[in-house]
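Comments concern the structure below.
Proteins get letters first, then strands, A, B, ... in listed order; numbering begins at 1 in each.
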There are 2 protein chains.
Amino acid sequence: MTTISDPNISVKKGKLLDAALSLMLSKGYHGTTVDEICAEAGVTKGSFFYYFKSKEDAGKATLDHFERLQSHLLSGTGWERIADPWEKLNRYLDVFALMAKNPDAPNSCLTALITQEMAESNAEFCALCEEKLAGNAKPLKDILDEVIAQYPPQSPVDSQQLADYFLAVYQGSLILAKARRNRAVLGQNVEHFRMYVTALFHIVR
Amino acid sequence: MTTISDPNISVKKGKLLDAALSLMLSKGYHGTTVDEICAEAGVTKGSFFYYFKSKEDAGKATLDHFERLQSHLLSGTGWERIADPWEKLNRYLDVFALMAKNPDAPNSCLTALITQEMAESNAEFCALCEEKLAGNAKPLKDILDEVIAQYPPQSPVDSQQLADYFLAVYQGSLILAKARRNRAVLGQNVEHFRMYVTALFHIVR
DNA sequence: TCTTAAATACCAACTAGTTAGTATCTTAAT
DNA sequence: ATTAAGATACTAACTAGTTGGTATTTAAGA
């Protein structure tokens, strides 16, 4: 899994964030120790606490780091520059379907994992995760709004709700894929969602 | 949240399982300590290790305990006894839609949480979770097979894949609901799935 | 341009508290 | 008297976080 670091931070801090991300994606926040992160990053504990004031602080930075990785995986595939909204929507869904075959794609969503572990016991983490999940749904909502404007559906479509639905589909699929050690379900479920949207807009191909 | 204990176990073991379940649903496996479980159950540590040979052993028993709770929440709603498969399918989906309003329903899936935390680092937990998730999809697959037999769809429908799709929808929705501290999304997403299946079987209501 | 001060980046060793797990005891029922 | 069920009091290893440093880089003045 390649990770993308903010170029304005030091090499070692980048290594710590990469290590924290990889370990937390695999074992969760509580399952990952500061010592393990340091060992994986090849950095001492003193440095860890130089860059992060606490493990919690590092956890939040790791969530931001994960968000950067997500953006990187999403961009560069060119879907943003497609003019026709229906075509754009389909290229956007393709990106997710292809994650099943992309070895660089993480096998979990850190935001979801930390939500599960922390939402009830830590209000700050909960708010941060909620915000990041909302950000995950945003691009699809915008595309759907464009589709609605250009190809008005017969019965009204709630773009926000539909984007949330896709987010749930994808998050749930990641869990199934992890349990099965097989990502095929990711691609399959994206196709089910695609067929649903197609039916909603009564678009026959 | 009410929990259902196997009547063949002692009161204290039942309390330990209830406590472990409630804590792990909220904070995950690694985030829950044996001491916390004992304190919540009003039992000492000696008893904990009398009933469970290790924390891991208790974790597996808690997964079984969670499965019992799931079965209990699903049964007693009477969907099994409905003769018409399409009607049965709809009553089955109702059960899940209504979870959003059921205060007894857990706000997370322990199987999903433990999958996320353990699947990569612990093969036994991984296999157990995979099996339990497959069990979650099974009733819906069976209903879908009945629907297919009685109301043959125009294009073929893969009942297993569709049941997996619903499982993903529900699992993902649980995560969104937890982050938002609002379960409305559970009901909404079940309705989206219901509309999709309706479209697949070309059933007009 | 050379010197120096101050900030930045980093590290090894330590500490105080917590963790899962154990060894030993007590009680109550059979 | 034996055994199942439970309590008490540990311990060894591990945890996050601290301390007190040392290199390295940057910036500014003479």
Please state how far atom [atom1] in [X] lies from atom [atom2] in [N], giving the value in whole angstrom units.
| X | N | atom1 | atom2 | result |
| --- | --- | --- | --- | --- |
| Tyr50(A) | dC11(C) | OH | P | 12 Å |
| Glu36(A) | dA16(D) | CD | C1' | 13 Å |
| Ile37(B) | dA20(C) | CD1 | P | 8 Å |
| Lys15(B) | dA5(D) | NZ | P | 17 Å |
| Lys27(A) | dT15(D) | NZ | P | 9 Å |
| Phe52(A) | dA9(C) | CZ | P | 12 Å |
| Glu56(A) | dA16(D) | CD | P | 12 Å |
| Lys13(B) | dA7(D) | NZ | P | 16 Å |

Inset, instruction - Answer yes or no: does a side-chain N or O of Ser47(B) lie under 4.0 Å from OP1 or OP2 of dA7(D)? - result: yes

[X] side chain: which of [options] is closest?
| X | options | answer |
| --- | --- | --- |
| Ser54(A) | dG17(D), dA5(D), dA9(C) | dG17(D) |
| Asp35(A) | dA7(D), dA4(D), dA16(D) | dA16(D) |
| Lys55(B) | dC11(C), dA4(D), dA20(C) | dA20(C) |
| Thr33(B) | dA20(C), dA7(D), dT8(C) | dA20(C) |

Inset, instruction - Between Thr32(A) and Gly42(B), just flag the one whose closest nucleotide in DNA chain D comes earlier from the 5' side. - result: Gly42(B)

Legend entry - Contact pattern, 5' to 3', of nucleotides 22-30 of chain C - B, S or - by protein heavy atom under 4.0 Å: B--------

Inset, instruction - May I ask you to decide whether Lys27(A) forms a salt bridge with Glu117(B), counting only side-chain N to carboxylate O separations under 4.0 Å? - result: no

Legend entry - Lys NZ or Arg CZ of Lys12(A) over Phe48(A) ring: under 6.0 Å, within 45°: no

Of all residues at least two apart in sequence or in a different chain, which pass the side-chain contact (heavy atoms from CB on, under 4.5 Å) check with [X]?
| X | result |
| --- | --- |
| Tyr50(B) | none |
| Glu40(A) | Ala19(A), Ser22(A), Leu23(A) |
| Ala184(B) | Asn182(B), Gln188(B) |

Legend entry - Contacts of Glu80(B) that satisfy salt bridge (charged side-chain N to carboxylate O under 4.0 Å, His left out) - sequence neighbours left out: none

Pairs under 3.5 angstrom only: tabulate donor-acceptor contacts from the side chains of residues 167-179 of chain B to other protein residues two or more places apart or in another chain.
{"from": "Ser173(B)", "atom 1": "OG", "to": "Val169(B)", "atom 2": "O", "distance (Å)": "2.6"}
{"from": "Ser173(B)", "atom 1": "OG", "to": "Asn189(B)", "atom 2": "ND2", "distance (Å)": "2.9"}
{"from": "Lys178(B)", "atom 1": "NZ", "to": "Gln116(A)", "atom 2": "O", "distance (Å)": "2.8"}
{"from": "Lys178(B)", "atom 1": "NZ", "to": "Leu25(B)", "atom 2": "O", "distance (Å)": "2.8"}
{"from": "Lys178(B)", "atom 1": "NZ", "to": "Ser108(B)", "atom 2": "OG", "distance (Å)": "2.8"}

